[in-house]
Amino acid sequence: MRENKFGFYYSIIIAVIICFALLIPYKLIWPILIAVVFAIYGISKKQLTFSFNIISLIFIALYITYAIYSIFTRHPDWASKSAEYKLSFIIFPLLFSFKSSYHQFKNIVLSGFIFGLLTLLIFCYVQAFSCFSISGDPACMYANNFVYEHHPTYASAFFSFGIAVLWYLYAVKFIFFKNILIPILGTIAFSSAILFCTSLSGFLFILLLAGSTIIYFLFKKLKKIYAFAILAIFPFLLWMVVNYVPQIEGEYNNAKFYADQYVENPTEFVKSRSESMSGSEVRLVMWTAAYNVMIKYPFGVGTGNVDDVLAVELRNLKQSHMIPYEYNPHNQFLQTAIETGILGLLFLVFIVLYGIYLGIKKRNFLLIIVVASLGFNMLFESMLQRQSGIVFYTFMICFLIATDYFTTKKINSAGELSPPEHKVSLESF
């Protein structure tokens with residue numbers, strides 16, 4: 001009974017942290033401190049057991065790397081702010097190294113995530129409709145005007161993962177999620193939010209996620225000939241979406257147009273850009289500048305010095321007009337490589353590759369999805385530069401590794417856990 005009571009309250013506290021991370025990512029100090037105090041109490045009462053893992057170690061090593069490179073910074077204020085934001089690389093790996101055996105720990109925390117995500121969605125719509133009622137501008141419903149507190153790509157990643165969590169909670173029949181209408185309605189709501197975010201990378205990821213899931217079930221449930229016949233329809237559906245969903249059509253055509261020009265002559269493309277550029281043009285210029293800097297400084301330039309070296313490179317590329325905007329590289333791999341060199345880049349790549357390997361090995365599809373989301377979106381945004389991205393991904397990756405999300409335990413009439421455990425696989429959906 002004592003274990004159940006402690007486990008329940010500890011689960012609620014951890015659920016509050018991830019809920020707050022979605023709504024007020026810069027105000028997490030108090031819930032985290034409360035969780036740490038509870039964890040210390042749980043350790044003293046032997047309610048939590050210690051079990052470390054490789055990815056937690058790599059997250060801590062990545063933080064130490066950033067800290068060491070802060071010694072070489074020319075901007076102590078920026079470096080200290082970066083060190084503060086990236087404290088999650090230490091806090092969550094250590095926090096989730098102490099595991100709770102409470103049988104509903106995983107489900108309560110994930111429910112907290114869904115509650116926070118639904119609240120975030122409501123805030124987004126309220127903000128968008130409020131803007132529209134005042135200005136009458138349809139742009140209020142899209143991108144930064146729609147998203148509350150987050151960059152559109154970050155928000156798209158949250159909603160994509162939320163869809164997977166909804167179906168997981170339905171599969172394990174957890175309290176409010178037993179009715180299939182809940183994940184269906186939630187999927188529709190979260191998918192609509194992804195469209196309103198108008199993040200091309202966010203849209204592409206949810207498309208890849210949906211496509212991979214459908215392909216898995218087709219080949220699992222049908223004969224191969226029928227599966228291939230249905231798959232033949234997919235290119236047509238994709239063509240329909242790209243050409244007839246206005247915001248997606250615009251984003252796709254814009255990106256394709258400039259990508260074709262860039263491939264034809266990268267140097268001329270970058271040097272010929274004018275002051276008025278689209279998002280796709282900005283990314284191509286910043287990727288080029290960041291790549292050049294990475295090649296020049298393979299061992300990094302120091303935490304907080306990225307803007308300085310990018311400014312020099314932008315002048316070399318005849319894009320001095322971009323310097324005042326202080327754009328980041330729009331690619332986390334390049335961002336980390338420039339700041340911390342090859343070592344930091346290797347740590348980051350290891351987290352992605354080993355995380356996916358671990359997810360496949362343990363059949364932990366939630367872990368696969370969240371790590372794949374991080375790896376994919378890092379190609380287009382510096383996902384670990386903002387507090388919201390750092391907290392979400394570090395929390396979820398460490399949390400999912402520390403908890404066996406495919407194991408549930410039944411409670412007998414006496415209120416005790418009863419074996420055997422049963423595995424929840426994708427076929428449960």
Side-chain angles (χ1 to χ4, degrees), residues 139 142-147 150-157 160 194-208 242 247-297 301 306-339 345 348-349 352 372-386 388-389 393:
Y142 301 107
N144 289 305
N145 293 322
F146 173 75
V147 179
H150 302 286
H151 185 283
T153 301
Y154 288 63
S156 295
S160 297
I194 293 171
L195 289 176
F196 286 133
C197 287
T198 61
S199 165
L200 184 57
S201 63
F203 171 74
L204 289 175
F205 181 76
I206 193 63
L207 198 65
L208 288 172
V242 168
Q247 293 299 319
I248 299 301
E249 178 190 12
E251 289 283 337
Y252 172 77
N253 289 334
N254 182 280
K256 184 177 183 300
F257 174 75
Y258 292 117
D260 289 341
Q261 287 189 348
Y262 182 83
V263 170
E264 187 175 336
N265 192 329
T267 303
E268 180 59 30
F269 174 89
V270 172
K271 291 186 176 181
S272 65
R273 294 306 93 190
S274 63
E275 292 191 24
S276 178
M277 287 192 287
S278 68
S280 297
E281 289 176 286
V282 169
R283 276 184 173 79
L284 288 170
V285 172
M286 294 310 300
W287 286 347
T288 302
Y291 176 78
N292 291 346
V293 170
M294 181 183 70
I295 297 301
K296 290 178 182 178
Y297 303 99
V301 301
V306 174
D307 288 348
D308 292 347
V309 292
L310 284 178
V312 173
E313 189 60 31
L314 287 170
R315 288 192 188 94
N316 294 337
L317 294 172
K318 300 181 180 180
Q319 295 297 318
S320 299
H321 59 88
M322 295 182 65
I323 295 174
Y325 295 102
E326 297 183 343
Y327 288 124
N328 65 42
H330 285 74
N331 180 299
Q332 187 63 56
F333 296 108
L334 291 173
Q335 177 95 35
T336 300
I338 293 172
E339 283 193 295
L345 178 61
L348 189 61
V349 171
V352 174
S373 169
L374 175 62
F376 184 83
N377 285 303
M378 284 197 299
L379 295 171
F380 306 97
E381 292 289 345
S382 296
M383 298 297 289
L384 299 178
Q385 294 306 113
R386 296 187 181 211
S388 54
Y393 282 112

Here the pair of heavy atoms bringing V309 nearest to Y297 is CG1-CE1, 4.5 Å
Working to the nearest 0.5 Å, report the span between CD of E281 and CD of Q261.
7.5 Å
Output every pair passing salt bridge (Lys or Arg N to Asp or Glu O under 4.0 Å) with a member in residues 285-297, not counting sequence neighbours, ordered by first then second residue.
K296-E313
Shortest non-hydrogen separation from V285 to Q319 and the atoms involved
CG1-CG, 4.0 Å
Does V293 reach the side chain of V306, with side-chain heavy atoms less than 4.5 Å apart?
no
Taking atom CG of L314 and atom CZ of R273, what is their separation to the nearest 0.5 Å?
14.0 Å
Do any pairs count as a salt bridge (Lys or Arg N to Asp or Glu O under 4.0 Å) and have a residue in residues 314-337, sequence neighbours left out, and if so which ones?
none
Quick one: side-chain contact (heavy atoms from CB on, under 4.5 Å) partners of A139, sequence neighbours excluded?
D137, N145
Nearest heavy atoms of F380 and S201, plus distance in Å:
CD1-CB, 3.4 Å
Identify, with sequence neighbours excluded, every residue that meets salt bridge (charged side-chain N to carboxylate O under 4.0 Å, His left out) alongside R386.
none
Quick one: OH on Y291 to CG on N331, what's the gap to the nearest 0.5 Å?
12.5 Å
List the atom of S388, the atom of H150, and the distance in Å for their closest heavy-atom pair.
CB-ND1, 3.3 Å
Can you name the salt bridge (charged side-chain N to carboxylate O under 4.0 Å, His left out) partners of E339, sequence neighbours left out?
none
Could you grab the distance from atom CZ of F205 to atom CG of L379, nearest 0.5 Å is fine?
11.5 Å
Can you name the side-chain contact (heavy atoms from CB on, under 4.5 Å) partners of N144, sequence neighbours left out?
P152
Can you name the closest pair of heavy atoms from G202 and S156 and give their distance?
CA-CB, 3.7 Å
Going by the salt bridge (Lys or Arg N to Asp or Glu O under 4.0 Å) test, which pairs reach into residues 258-267, not counting sequence neighbours?
K256-D260
Could you go step by step and tell me if M378 and T336 meet the side-chain contact (heavy atoms from CB on, under 4.5 Å) rule?
CA-CA 11 Å; M378 284 197 299; T336 300; over 6 Å; no
Report the residues that fulfil salt bridge (charged side-chain N to carboxylate O under 4.0 Å, His left out) with D307, sequence neighbours left out, ordered by chain and then residue number.
none
Are L348 and L384 packed together at the side-chain level, in the sense that at least one heavy-atom pair is separated by less than 4.5 angstrom?
yes
At what distance, to the nearest 0.5 angstrom, does OH of Y327 lie from CE of M322?
6.0 Å
Tell me every residue that passes side-chain contact (heavy atoms from CB on, under 4.5 Å) with A290, counting only those two or more places apart in sequence or in another chain.
L310, P329, L334, I338
Please determine whether side-chain contact (heavy atoms from CB on, under 4.5 Å) holds for the pair L317 and N292, giving the CA-CA distance in whole Å, both sets of side-chain angles, and the decisive distance to 0.1 Å.
CA-CA 10 Å; L317 294 172; N292 291 346; 4.2 Å; yes
Sequence neighbours left out, what pairs pass ring-ring contact (aromatic ring centres under 6.0 Å, His included) with at least one residue falling in residues 258-289?
Y262-F269
Please find the pair of heavy atoms, one from A259 and one from L284, that lie closest to each other, and give the distance.
N-CD1, 4.2 Å
Could you pull out all residues at least two apart from Y154 that satisfy ring pair (Phe, Tyr, Trp, His ring centres under 6.0 Å)?
H151
Would you compute the distance between atom OH of Y325 and atom CE of M286 and round it to the nearest 0.5 angstrom?
13.0 Å
The side-chain hydrogen bond (donor to acceptor under 3.5 Å, both in side chains) partners of S160 (sequence neighbours excluded) come to none
